[in-house]
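Have a look at the structure below before the remarks.
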Number of protein chains: 2
Amino acid sequence: MATLKQVAAHADVSVQTVSNALNAPHRLRPDTLERVTRSIELLNYRPNRNARSLRTSAVELIGYCVPSWHGGQAHLVMDQFLHALCAAAETTGRHILLFTAPSGADGMSVYDDLHARRLVDGFVLSQTETHDPRHGWLKEQAIPFVSFGRVWKESTQPGPYVDVDGAGGCAMATRHLYDGGRRRIGFLGWPRTSGLAEDRLTGWRDTCVELGLPVDGLAVHCVEDTFDEGARGAASLLDASEPVDAIVALSDVLALGAMRELNRRGLAAGTDVAVTGFDDSPLASVVSPALTTVRQPIDLIAHELIDILTGPAESEAPAERLLQPELIVRGSSAPG
Amino acid sequence: MATLKQVAAHADVSVQTVSNALNAPHRLRPDTLERVTRSIELLNYRPNRNARSLRTSAVELIGYCVPSWHGGQAHLVMDQFLHALCAAAETTGRHILLFTAPSGADGMSVYDDLHARRLVDGFVLSQTETHDPRHGWLKEQAIPFVSFGRVWKESTQPGPYVDVDGAGGCAMATRHLYDGGRRRIGFLGWPRTSGLAEDRLTGWRDTCVELGLPVDGLAVHCVEDTFDEGARGAASLLDASEPVDAIVALSDVLALGAMRELNRRGLAAGTDVAVTGFDDSPLASVVSPALTTVRQPIDLIAHELIDILTGPAESEAPAERLLQPELIVRGSSAPG
DNA sequence: CTGAAAGCGCTTACAG
DNA sequence: CTGAAAGCGCTTACAG
């Protein structure tokens, strides 16, 4: 491997000049730059990143904790997210460093260690939970980070974040069902203790109220994000004295559970009862008819995250960006 | 951030001794070690990895190219694989560095650059394709790597690999269906040009022949790994003059497509026609009945990959490890 | 515009 | 068992 010194010798300039050719080419006279560039190419020189990082104390690596795959809770769009995050990081010359850590406060020593040993410059947080302790901790340690998702605390959120307007997404779905003639729209959610669930629920509820549709007893809280829970929730909405003619589900998984239940009862999803999901995961096209769902703008999210993390240090208030999702209409929400 | 020098001053020893306390503690007298250790803890010292890497020229980072998510080809177990790979790397003090690259030979300059600039020590390859050009190229450049999956060339494969016995997996599935009373078992695969497809097909075919079951006209080659293709393939197996009573699919996606088709025809998957998949992806429990499928030993694969990559340099022949999958029996293959 | 020199924070023969 | 010193390959004020 050629070094800066060898290139300098070859081009008959000082190492400083070669370094400038790479990092500040405008400082060189055109002919010098050309000569140096030729030497660089000839010797196939690549700057050693470790040496650079040691000097500048910036590693250009961003830490991301891979969520563990516990009990059926699959991260169906994680591959898309990771690819987008990686691509976004690369547009700034950075890369993603993956690591595992215990969830919650127990994992903070891992984050701390990674940063202290200069393996990463900062972190992108995802799988953000309600009252997630990581944000406050990192902020306190002055470790750079940006969060995908909110912590849903009452007070102001520590540090910058990017999130998707879940309420807006569910409002879109609800309005779409209304436009398709549905007048009794149920909601399949998670327990209220989840800020994300509460947010999406609000979108459905407010829209129903606005449209003059009933909401009482039409929101079911599933215990976990599984097909079985979705089916169970749908069953309770269908067994009510006045059954629903549409279901807005907080996730694709719950939506598919609901469709399975419809199927079991000989009801046609989309014509008898319309169903919508959330995430546009690969699951959405498993079923027939395919699932209408709310898609998060993954590429945009990734770019915003990288932009915030690598941009100039926060002036005053940390960045808070709320992105709009998109409704992907498919067969499961055919007009009734 | 404390440095080695500061710790040395605090413990009243040389920097060399502190370094030894960290990397070769047996060289210190117990009382010295204790004193140094106390100083390290007191100052909350963490060795700067960049400085270390610069000196040792080992970054303890392993490159992994995140597959791009093109057109419906979801990588449904990628989150599991990445988590396993990351955890396995961490047991050796290493981490995974993610990057994107064009597929095939076009991407090699990215691999080369990452290695030349010392961002990674080597690579784990996955999404290995038939005649994958990466292996030969990396081997030629003497860049360390290990492959998950074979290149299926006629000649010997460049470099070490870990793979799962696909033929064995499909043989298990076929035998299981036979044990459940099935006597006309179809196969849903991909075109023969894929080594992986050929391997799995062989497992089904050889087992059928061994059991005295028919195989002629019972293997359908789907054009791509989608639900629609699975459904189409199943349709052709069901429309034959002598319809099948079971289907071994090369992937969960094809299997679910097949189940959708059965459903559409009013046939009960599992009782009328048994179906098996491959991968035990999250999809397997979407359907009702749940899908019987062949599970790859993800954690073991990850450990073997890291073990090979970080182990002593190859003596002579590169490591070649073929792991056995496991059949996960669920409702879709209920006895007929 | 160009160069000589210091230094980032480690590790590692080499002496003692 | 311990220490003084060189050096890994860069970048960056500072002079000229």
Side-chain angles (χ1 to χ4, degrees), chain A residues 1-40 43-61 93-94 113-121, chain B residues 1-40 43-61 93-94 113-121:
Chain A
M1 287 283 19
T3 72
L4 203 55
K5 211 167 162 183
Q6 289 166 22
V7 176
H10 186 271
D12 200 31
V13 292
S14 73
V15 290
Q16 144 88 310
T17 300
V18 181
S19 180
N20 279 338
L22 256 23
N23 302 316
H26 60 273
R27 288 200 200 155
L28 301 207
R29 224 171 31 209
D31 58 323
T32 314
L33 180 55
E34 163 120 20
R35 198 168 78 245
V36 173
T37 307
R38 197 150 32 207
S39 294
I40 288 173
L43 299 180
N44 193 23
Y45 170 69
R46 324 288 174 86
N48 181 314
R49 187 78 145 237
N50 290 119
R52 177 175 214 281
S53 295
L54 177 57
R55 196 55 242 257
T56 64
S57 78
V59 285
E60 321 235 290
L61 249 33
R94 290 174 177 81
D113 204 54
L114 249 19
H115 181 258
R117 288 157 66 208
R118 311 278 42 230
L119 269 94
V120 302
D121 294 325
Chain B
M1 286 284 18
T3 71
L4 203 56
K5 211 167 161 182
Q6 289 166 21
V7 176
H10 186 272
D12 201 32
V13 292
S14 71
V15 290
Q16 145 86 311
T17 300
V18 181
S19 180
N20 278 338
L22 256 21
N23 303 315
H26 60 274
R27 288 199 200 155
L28 301 206
R29 224 169 33 206
D31 58 323
T32 313
L33 179 57
E34 162 122 19
R35 199 169 76 246
V36 173
T37 306
R38 197 149 34 208
S39 293
I40 288 173
L43 299 181
N44 194 24
Y45 168 70
R46 322 288 173 89
N48 181 314
R49 186 77 144 236
N50 290 118
R52 177 175 213 281
S53 295
L54 177 58
R55 197 55 243 259
T56 63
S57 77
V59 285
E60 321 236 291
L61 249 33
R94 291 175 177 79
D113 204 54
L114 249 19
H115 181 257
R117 289 156 65 208
R118 312 276 41 230
L119 268 94
V120 303
D121 293 326

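Order of the sequence lines sets the chain letters (A, B, ...), proteins ahead of strands, with each chain counted from 1. The analysis underlying the following values was restricted to heavy atoms, covering all of them including side chains, and did not include hydrogens, waters or symmetry mates. None of these values were measured; they are calculated from a predicted model.
When Watson-Crick and G-U wobble pairs are counted only if both distances are under 3.5 Å, C:dA4 pairs with no nucleotide at all. Summarising the base pairing, C:dA13 is matched to no nucleotide, lacking a Watson-Crick or G-U wobble pair whose two defining distances lie under 3.5 Å.
Here the side chain of B:Thr37 pairs a donor or acceptor atom with the backbone of B:Leu33 at under 3.5 angstrom. Formation of a donor-acceptor pair under 3.5 Å by the A:Arg118 side chain with backbone atoms of A:Ser57 is found in this model.
Distance, B:Arg49 CZ to C:dG9 P: 17 Å, rounded to whole Å. Remark: P of C:dG9 and CG of B:Asn23 are 17 Å apart, rounded to the nearest angstrom. Between A:Asn50 atom CG and D:dG7 atom P the separation is 20 Å, expressed in whole Å. The distance between atom CG of B:Leu4 and atom C1' of C:dT11, rounded to the nearest whole Å, is 9 Å. Put simply, NZ on A:Lys5 is 15 Å from P on C:dG3, counting in whole angstrom units. Put simply, CG on B:Leu22 is 7 Å from P on C:dT11, counting in whole angstrom units. In this structure, the CD1 atom of A:Ile40 is 10 Å from the P atom of D:dC10, given to the nearest Å. Atom pair B:Arg35:CZ and D:dG3:P shows a separation of 8 Å (rounding to whole Å applied).
Using a 4.0 Å cut-off, no side-chain N or O of B:Arg29 falls inside it from OP1 or OP2 of D:dC1. For the OP1/OP2 pair of D:dT2 and a distance below 4.0 Å, the side-chain nitrogens and oxygens of B:Thr32 include at least one atom meeting the criterion. At D:dT12, none of the side-chain N or O atoms of A:Arg55 fall inside 4.0 Å of OP1 or OP2 (strictly under the cut-off). Proximity of B:Thr3 to the phosphate of C:dG9: no side-chain N or O atom is located under 4.0 Å from OP1 or OP2. Using a 4.0 Å cut-off, no side-chain N or O of A:Arg27 falls inside it from OP1 or OP2 of C:dC1. At least one side-chain nitrogen or oxygen of A:Thr17 sits closer than 4.0 Å to the OP1 or OP2 atom of C:dG3. Of the side-chain N and O atoms in B:Asn20, none sit less than 4.0 angstrom from OP1 or OP2 of D:dT2.
Within the 4.5 Å cutoff, side-chain heavy atoms of A:Thr3 are placed close to those of A:Gln6. Contact check for A:Arg52 versus A:Asn23: side-chain heavy atoms found under the 4.5 Å cut-off.
Comparing B:Ala51 and B:Ser14 by the nucleotide of DNA chain D whose heavy atom lies nearest to each, the residue mapping closer to the 5' end is B:Ser14. When each of B:Thr56 and B:Leu28 is assigned the nucleotide of DNA chain D bearing its nearest heavy atom, the one mapping closer to the 5' terminus is B:Leu28.
Under the side-chain contact (heavy atoms from CB on, under 4.5 Å) test applied with B:Val13, the options B:Val18, B:Leu28, B:Asn20 reduce to a single match, B:Val18.
Distances from the side chain of A:Gln16 to the nucleotides C:dG9, D:dA4, C:dG3 place C:dG3 closest.
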